[in-house]
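Remarks on the structure that follows.
Every chain is numbered from 1 and lettered A, B, ... according to where its sequence line falls, protein lines coming before strand lines. From a predicted model like this one, the values you see are computed outputs, not experimental measurements.
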There are 2 protein chains.
Amino acid sequence: MKANLDAIDWKILKELQDDGRITNVELARRVGISAPPCLRRVRALEESGIITGYRALVDEKALGFDVTMFAMVGLASQAEADLSAFVARVQGWSIVRECYMLSGEADFILKCVAPTLRAFQAFIEELTSASSVESVKTSLTIRRVKDAPAVPIG
Amino acid sequence: MKANLDAIDWKILKELQDDGRITNVELARRVGISAPPCLRRVRALEESGIITGYRALVDEKALGFDVTMFAMVGLASQAEADLSAFVARVQGWSIVRECYMLSGEADFILKCVAPTLRAFQAFIEELTSASSVESVKTSLTIRRVKDAPAVPIG
DNA sequence: TTTGAAATTCTCCTAAA
DNA sequence: TTTAGGAGAATTTCAAA
């Protein structure tokens, strides 16, 4: 699965990370090749799984989601069954937008988005009382300092 | 700036969060209106700042960025000058992909992406010795459990 | 006011050289 | 890679709800 990309492929990835809605013609112009091979490269990147999708970015606050919080969660047991059960619950909680399993002290980190602090607190109660959840430590975000695309290019 | 959106606008946002490269015609079909008003709505969402951009999602691991870590950073001083200085440094560190200022114990949370653990460790040394940085606590991610768009819709 | 239908213009994609 | 042809989309206009 490891990719063998040349400089133009990297440029394509950089441009599409910066603007996922750019047209193929404009993309080709920016990376310095003609449109047909550019489109072929994009297709290849998509088919090989390097480009996994495209997403519109939205302003949560403008939509009334004023609260962004992180929660560090520790489970009482790291048995595979307990981990799987928790992962399944995470998928069902729409307030949880991102979740990573961690090594070290906490077992999971959750990034949560909610309309109000109250809504978030209600979720934390549900989270805390979820089976096998032992500890929950929350951090309220004051502001977003940086939100760059997944991979640093250039 | 607070938006006054109807059900169709929300559907548009949902679809564009799921697939930012969808054509306007297909988008219109999915949300149940014709193309012209659909395009007008998308433009309005963009111009009002609700849609802030579009981004291709890429598979970091396939590109050789095998390490994703979170770092909690505490500063010795929360004076505005020190916060600003740290924020400025964060912008310059390409390894830091996301950063939020927090309330509570830590002052910042950083999401970092690096090709190797060694590269990440080198960064942590730089981070730890940065001016006014008092504490750094890192968590290595084992796997991504969930990565949903910014706002829950539907 | 906003929609939807139609028509035009434009741009992109694909195939062939 | 470039070109050309054809397809489909974006955008404007206009009529109607």
Aromatic ring pairing F108(A)/F86(A), orientation class (parallel under 30°, perpendicular over 60°, tilted between): tilted

Value in whole Å for how far the P atom of dG4(C) lies from CG of L39(B): 14 Å

S77(B) versus D82(B), side-chain donor and acceptor atoms under 3.5 Å: yes

Phosphate-side-chain proximity, R41(B) and dT3(C), N/O vs OP1/OP2 below 4.0 Å: yes

Donor-acceptor contact present, side-chain D18(A) to main-chain E15(A), <3.5 Å: no

Counterpart residues, side chain to side chain contact (heavy atoms under 4.5 Å, CB included), relative to A85(B) (two or more places apart): none

T52(A) side-chain N/O to L57(B) backbone N/O, donor-acceptor pair under 3.5 Å: yes

dC12(C) phosphate, OP1 or OP2, under 4.0 Å from T23(A) side-chain N/O: yes

Test item: E60(B) side-chain N/O and A150(A) main-chain N/O as donor-acceptor pair under 3.5 Å: no

T68(B) side chain vs T141(B) backbone, donor-acceptor pair below 3.5 Å: no

Whole angstrom value for the distance that separates P of dT14(C) from CG of N24(A): 9 Å

Shortest non-hydrogen separation from D59(B) to G49(A) and the atoms involved: CB-O, 3.4 Å

Nearest-angstrom distance from the residue atom CZ of R29(A) to P of dC13(C): 15 Å

Rounded (10°) bend between the five-pair end axes of the helix from dT1(C)-dA17(D) to dA17(C)-dT1(D): 30°

Along DNA chain D (nearest heavy atom to each residue), the more 5'-positioned of P36(A) and R21(A): P36(A)

Backbone N/O of V90(A) and side chain of K146(B): donor-acceptor pair under 3.5 Å: yes

Nucleotide interval of DNA chain D bounded by contacts with chain B (heavy-atom cut-off, under 4.0 Å): dA9(D) to dT12(D)

Whole-Å gap separating P (dC12(C)) and CD1 (I22(A)): 10 Å

Rounded distance (Å) that lies between atom C1' of dT14(C) and atom CZ of R40(A): 10 Å

